[in-house]
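One structure is given below, encoded as structure tokens.
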Amino acid sequence: MLPIADSAAKAGFDMASLTQFPTTRFDETNRIARLLTYTDPLSDNGGKSRARAVMIAGGYMLPHLQYPCPNPDNPAFPLRVDFIWFLPGDVTVVGEYDGMAKYGNTWTEMNTHVTKQCKRDAYLRKRGVTTIVHFSFDDVIHRELLYRKLDDAGIPRMH
């Protein structure tokens with residue numbers, strides 16, 4: 001439900017109004033409250049919302065979403081990272097959900113995107129990002145793959 005809730009919040013829907021719906025069981029009320037706790041209009045798309053739902057289910061520390069970083073090529077338009085965690089010891093971890101559509105359909109489009117991604121990653125590392133975790137839809141669907149990447153990056157589990 002998180003992708004739907006994030007999308008509704010982004011569109012300006014009054015999410016608090018969901019608490020006004022009658023429920024027949026206490027666990028329904030708890031599910032609505034939990035959903036509202038994690039709903040975030042900053043989520044860019046359903047894939048990123050689903051990834052965050054998997055992170056929540058795994059008990060991971062919540063990331064900041066769409067965090068702006070200075071853009072050396074165009075200061076008026078900051079780079080935005082999908083997920084970012086600020087950890088003790090000046091450790092900063094960025095998570096990037098890589099949807100396959102952005103890579104393009106031709107060899108040239110894919111090569112151009114990968115080159116831009118490598119340049120962007122190098123720039124973020126120069127700006128103090130310790131680790132960059134790239135993950136895909138497949139990692140989200142097979143959550144243990146995503147969990148392994150988050151664990152390897154040092155993202156703490158809160159419960």
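Start at 1 with the first residue, then count along the sequence.
Under a cut-off of 6.0 angstrom, the local environment of CE in M1 is sparse, with at most 12 non-hydrogen atoms contributed by other residues, nucleotides or ligands. Residue-environment remark: CG (D90) stays at or below the threshold of 12 foreign heavy atoms within 6.0 Å.
With a 4.5 Å cut-off on side-chain heavy atoms, C69 and V81 count as touching. The shortest distance between side-chain heavy atoms of I84 and V93 does not fall below 4.5 Å.
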Side-chain donor/acceptor pairs under 3.5 Å, residues 122-131, sequence neighbours excluded:
unit_1 : atom_1 : unit_2 : atom_2 : d
Y123   : OH     : P70    : O      : 3.2
T130   : OG1    : T92    : N      : 3.1

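Within the structure, every pair that satisfies the ring pair (Phe, Tyr, Trp, His ring centres under 6.0 Å) test and touches residues 35-61, not counting sequence neighbours, is listed here: Y60-Y147.
For D152, there are no side-chain hydrogen bond (donor to acceptor under 3.5 Å, both in side chains) partners at least two apart in sequence or on another chain.
When all heavy atoms are compared, the tightest approach of S136 to Y97 is C-CE1, 3.8 Å. Smallest separation of non-hydrogen atoms from Q66 and L42: CG-O, 3.1 Å. Heavy atoms only, all atoms of each residue included: L150 and M55 are closest at CD1-CG, 3.8 Å. For the pair L87 and G154, the tightest heavy-atom approach, listed with the atom from each and the gap, is CD1-O, 3.5 Å. Of all the heavy atoms in S43 and K10, the pair that sits closest is O-NZ, 3.6 Å.
Within the model, atoms CG of D6 and CZ of R50 stand 13.5 Å from one another, a figure rounded to the nearest 0.5 Å.
Judged by distance alone, with hydrogens and angles left aside, the side-chain atoms of T37 form a donor-acceptor pair with the main-chain N or O of A33 at under 3.5 Å. Side chain of E96 to main chain of D82: a donor-acceptor pair is present (N/O by atom type, distance under 3.5 Å, no hydrogens or angles). Judged by distance alone, with hydrogens and angles left aside, the side-chain atoms of W85 form no donor-acceptor pair with the main-chain N or O of V94 at under 3.5 Å.
When the side chains of ILVMFWY residues are joined at heavy-atom separations under 4.5 Å, either directly or via intervening members, I56 and L35 end up in a single hydrophobic cluster. Linking Ile, Leu, Val, Met, Phe, Trp and Tyr residues whenever their side-chain heavy atoms come within less than 4.5 Å leaves F86 and F83 in two separate clusters.
In this structure, a donor-acceptor pair under 3.5 Å is absent between the side chains of D139 and H134.
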